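Below, each value reflects all heavy atoms present in this structure, side chains not excepted, and no hydrogens, waters or symmetry copies. The residues of the chain are indexed from 1 along the displayed sequence. Treat the numbers as computed from the prediction; the structure is a model and nothing was measured.
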Amino acid sequence: MKTSARPKTLALFATLAALATSTAHADPAIAPMYEPESVAQASTVTATRALRLGLTTEGLMQAPFAGVTGTGAGITASYDFLISDGFSLALAASYRRYPGISSLQQVGYGALLRHRLLSLGSHDQRLYAAYGILLQTTSVSGQSGSGTSHDTRLTLGADFRVGKVPLYAETSYHFSRLRFLNVDSMDLDYWEAGLGWRTAW
């Protein structure tokens, strides 16, 4: 009995050794499925910068210049520093034009603070609020020179996707006053709506 059992024992050990060898050389594509969650999370790269490019439409709350229509259109861009998952600091620039007998053109630039309010199912789809301190240069066709005014911006917006394309939409109100020495200030307040494309890296 002892003699006949020995070959069976050796055969069992040989089978176990073969199984161990095949496991060690398993398909590497399967291995990540069994990695600990902490390892998978560590391999995820966190974005630190973002870029936004958009089209806008605006409406002046008053008509400060004769011959200028109250509704205009423009373009906007911002470069964001993603400080945390819910907060970013952006450098923004924009151009607007109000057509008419005399066209009004504005170039704006400044800083924005953007805060996440509510996530919309994934980390890059959210509702947000923004507060901006900007300057804008205003010029009117047919008039020499230009004026520079402050521009305080309050914004509500949303980051979302259409298919795989990342987009954003937002609406803003701008408090803007044009002042020069002892001349009475001119009210240049306006509302703005925008739609654009965004990316992060």
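Atom CG of D151 and atom CG of L178 lie 11.5 Å apart (nearest 0.5 Å). One finds the CD atom of E192 at 12.0 Å from the CG atom of L154 (value rounded to the nearest 0.5 Å). Separating the CD atom in E58 from the CG atom in L104 is a distance of 11.0 Å, to the nearest 0.5 Å.
For T76, the side-chain contact (heavy atoms from CB on, under 4.5 Å) partners are T56, S94, Y168, not counting sequence neighbours. Judged as a ring pair (Phe, Tyr, Trp, His ring centres under 6.0 Å), and not counting sequence neighbours, H150 has no contacts. Residues satisfying the ring pair (Phe, Tyr, Trp, His ring centres under 6.0 Å) criterion with Y190, sequence neighbours excluded, are H174. With sequence neighbours excluded, the residues that form a side-chain contact (heavy atoms from CB on, under 4.5 Å) with A90 are S78, D80, L112, R114. The side-chain contact (heavy atoms from CB on, under 4.5 Å) search around R116 returns D85, S119, R126, not counting sequence neighbours. Remark: R153 pairs with E170 by the salt bridge (charged side-chain N to carboxylate O under 4.0 Å, His left out) rule, at least two apart or across chains. Partners of Q125 according to the side-chain hydrogen bond (donor to acceptor under 3.5 Å, both in side chains) rule, which considers only residues two or more places apart in sequence or in another chain, are S122. Checked against side-chain contact (heavy atoms from CB on, under 4.5 Å), S185 has the following partners two or more places apart in sequence or in another chain: R177, R179. With sequence neighbours excluded, no residue satisfies ring pair (Phe, Tyr, Trp, His ring centres under 6.0 Å) with Y131. Applying the ring pair (Phe, Tyr, Trp, His ring centres under 6.0 Å) test to F81 and every residue at least two apart in sequence or in another chain returns Y79.
The number of heavy atoms from other shown groups lying within 6.0 Å of CD1 (I101) does not exceed 12.
Taking every heavy atom of both residues into account, L82 and R49 meet most closely at CD1-O, 3.8 Å. Closest of all the heavy-atom pairs between S172 and T155 is OG-OG1, 2.7 Å. When every heavy atom of A111 is checked against every heavy atom of L89, the shortest pair comes out as CB-CD1, 4.5 Å. Listed here is the closest heavy atom pair of L195 and A169: CD1-CB, 4.1 Å.
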Please walk me through it: do Y128 and L118 pass side chain to side chain contact (heavy atoms under 4.5 Å, CB included)? CA-CA 7 Å; Y128 63 85; L118 179 67; over 6 Å; no
Yes or no on side-chain hydrogen bond (donor to acceptor under 3.5 Å, both in side chains) for R96 and Q136, after CA distance, side-chain angles and deciding distance? CA-CA 10 Å; R96 296 174 293 280; Q136 65 179 10; 2.5 Å; yes
Carefully, step by step, assess T138 and M186 under the rule side chain to side chain contact (heavy atoms under 4.5 Å, CB included). CA-CA 11 Å; T138 301; M186 181 177 294; over 6 Å; no
Could you walk me through whether L135 and Y109 pass the side chain to side chain contact (heavy atoms under 4.5 Å, CB included) check? CA-CA 6 Å; L135 293 175; Y109 49 92; 3.9 Å; yes
List the steps, then state whether side chain to side chain contact (heavy atoms under 4.5 Å, CB included) holds for W191 with T57. CA-CA 8 Å; W191 58 265; T57 181; 4.1 Å; yes
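Linking ILVMFWY residues whenever their side-chain heavy atoms come closer than 4.5 Å, directly or via other members, places V162 and L53 in the same cluster. Under the 4.5 Å side-chain contact rule for hydrophobic residues, W197 and L55 do not share a cluster.
Counting heavy atoms from C-beta on, the side chains of Y98 and V140 never come closer than 4.5 Å. Side-chain contact between T48 and W201: absent, with no pair of heavy atoms (C-beta onward) separated by less than 4.5 Å.
In this model, a donor atom of one side chain and an acceptor atom of the other lie less than 3.5 Å apart for S149 and S176. Side-chain polar atoms of Q105 and Y95 form a donor-acceptor pair below 3.5 angstrom.
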Distance-only donor-acceptor hits, side chain of residues 59-74, under 3.5 Å, sequence neighbours excluded:
| from | atom 1 | to | atom 2 | distance (Å) |
| --- | --- | --- | --- | --- |
| Q62 | NE2 | D187 | OD2 | 3.1 |
| T69 | OG1 | T71 | O | 3.4 |
| T69 | OG1 | P99 | O | 2.5 |

